[in-house]
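To start, the structure under review is shown below, and the notes come after it.
All values below come from the heavy atoms of this structure, side chains included, with hydrogens, waters and symmetry mates left out.
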Amino acid sequence: RAGACVETAGPIEALAVPYILLASLNVVDRTGAGGLGDAQRAAEVATAAGSGMALAWSWNFMALAKIANGLIDEGFRHLEDSYAAAREGGHEFQAGNAIYNAAWIAVHLGQGRRAQLWADRIVGSATPGLAWPPYLNGLLLLHTGRVSEAIVASRKALQFSREMGHEKMG
């Protein structure tokens with residue numbers, strides 16, 4: 001019901017973002033594949049509203065839902081599109097989100113080379129002082145058996161996340 005009320009405002013970025021957040025909740029906190037419809041609706045609204053940021057971000061969550069559905073290559077294509085559009089539009093948060101999600105997923109799928117290719121993009125995308133780049137670096141170091149270096153990177157990530165009050169990684 002609430003969605004129907006909000007939709008009366010027409011296609012605006014402020015409507016696309018809640019659909020992105022719903023997709024995120026469904027993908028990350030629930031079934032994984034359940035967020036596809038919300039991500040697709042976010043993309044529709046973002047396109048109609050002319051919001052490059054929301055469109056790029058919606059592709060990220062379409063990717064996660066598709067990967068959860070077993071459509072790995074298609075999902076990674078959406079992540080690539082999300083990253084490229086976010087970079088082109090100067091949307092650094094969304095670009096970083098695509099990097100993080102792609103690398104994390106690749107590690108957990110046992111695709112270390114793909115994960116490293118994504119992580120190599122951190123240098124051009126990450127804002128200094130964020131917790132996720134050293135966390136992701138630590139994850140990749142651990143994945144490659146470099147445990148001592150992974151511990152150092154993980155401690156750095158914990159320090160940043162505590163300083164920023166970031167509960168997800170703290």
Requested in this report: With side chain to side chain contact (heavy atoms under 4.5 Å, CB included) as the test, would you mind laying out the steps for Asp38 and Leu21 before giving the verdict?
Outcome: CA-CA 9 Å; Asp38 289 323; Leu21 297 175; over 6 Å; no
Report task. Work out which heavy atom in His143 is nearest to a heavy atom in Gly110; give both atom names and the distance. Result -> CE1-CA, 4.4 Å
**Report entry** Joint cluster assignment, Leu140 & Ile151, ILVMFWY side-chain distance < 4.5 Å
**Finding:** no
Query raised in the report: Can you find a pair of side-chain heavy atoms, one from Leu36 and one from Gln40, that are under 4.5 Å apart?
Result: yes
Query raised in the report: Are Leu141 and Ile105 connected, step by step, through hydrophobic side chains (Ile, Leu, Val, Met, Phe, Trp, Tyr) whose heavy atoms are closer than 4.5 Å?
Result: no
Query raised in the report: Going only through I, L, V, M, F, W and Y residues with side-chain contacts under 4.5 Å, is there a path from Leu117 to Ile122?
Result: no
Query raised in the report: Looking only at heavy atoms, what is the nearest atom pair of Ala153 and Asn137, with distance?
Result: CB-ND2, 3.9 Å
Query raised in the report: Below 4.5 Å, heavy atoms only, C-beta onward: do Trp104 and His108 meet side chain to side chain?
Result: yes
Query - Arg41/Glu44 ion pair, N-O < 4.0 Å - result: yes
Report task. Considering non-hydrogen atoms only, spot the tightest contact between Ala150 and Gly138 and give its length. Result -> CB-O, 3.4 Å
What side-chain donor-acceptor pairs closer than 3.5 Å can you find for residues 57-64, not counting sequence neighbours?
from: Trp57; atom 1: NE1; to: Asn97; atom 2: OD1; distance (Å): 3.1
from: Ser58; atom 1: OG; to: Ala54; atom 2: O; distance (Å): 3.4
from: Ser58; atom 1: OG; to: Leu55; atom 2: O; distance (Å): 2.7
from: Asn60; atom 1: OD1; to: Asn101; atom 2: ND2; distance (Å): 2.8
from: Asn60; atom 1: ND2; to: Asn97; atom 2: OD1; distance (Å): 3.2

Query - Basic-acidic side-chain contact under 4.0 Å: Glu149, Lys156 - result: no
Report task. Determine whether Leu109 and Ile99 fall in the same hydrophobic cluster, where Ile, Leu, Val, Met, Phe, Trp and Tyr are linked whenever their side-chain heavy atoms lie under 4.5 Å apart. Result -> yes
Report task. Could you give me the CA-CA distance, side-chain angles and deciding distance for Arg113 and Asp120, then say whether salt bridge (charged side-chain N to carboxylate O under 4.0 Å, His left out) is met? Result -> CA-CA 11 Å; Arg113 287 188 179 100; Asp120 288 346; over 6 Å; no
**Report entry** Nearest-0.5 Å distance that lies between atom CG in Leu139 and atom OG1 in Thr144
**Finding:** 9.5 Å
Query raised in the report: Closest heavy-atom contact between Ile72 and Gln111?
Result: CG2-NE2, 4.2 Å
Query raised in the report: Out of curiosity, Met53 CE to Phe93 CZ, how far, rounded to the nearest 0.5 Å?
Result: 10.0 Å
Report task. Kindly check if the number of other-residue, nucleotide or ligand heavy atoms within 6.0 Å of CD (Glu88) is above 12? Result -> no
Report task. Ignoring hydrogens and angles, tell me if any N or O in the side chain of Ser82 forms a donor-acceptor pair with the backbone of His78 under 3.5 Å. Result -> no
Requested in this report: Check the hydrophobic clustering (I, L, V, M, F, W, Y; side-chain heavy atoms under 4.5 Å; chains of links allowed) and say if Leu136 and Val152 are grouped together.
Outcome: no
Query raised in the report: If you take all heavy atoms of Ala95 and Tyr83, which pair is closest and at what distance?
Result: O-CD1, 3.7 Å
**Report entry** Glu163 and Gln159 side chains, donor-acceptor separation under 3.5 Å
**Finding:** yes
Query raised in the report: Do Trp118 and Val107 come close enough that some side-chain heavy atom pair is under 4.5 Å?
Result: no
Query raised in the report: So, for His91 and Ala85, which heavy atoms are closest and what is the spacing to 0.1 Å?
Result: CD2-O, 4.4 Å
Query raised in the report: Heavy atoms, side chains only, cut-off 4.5 Å: are Arg87 and Glu92 in contact?
Result: yes
Query raised in the report: Is Ser24 reaching over with its side chain to a backbone N or O of Ile20, donor-acceptor style, under 3.5 angstrom?
Result: no
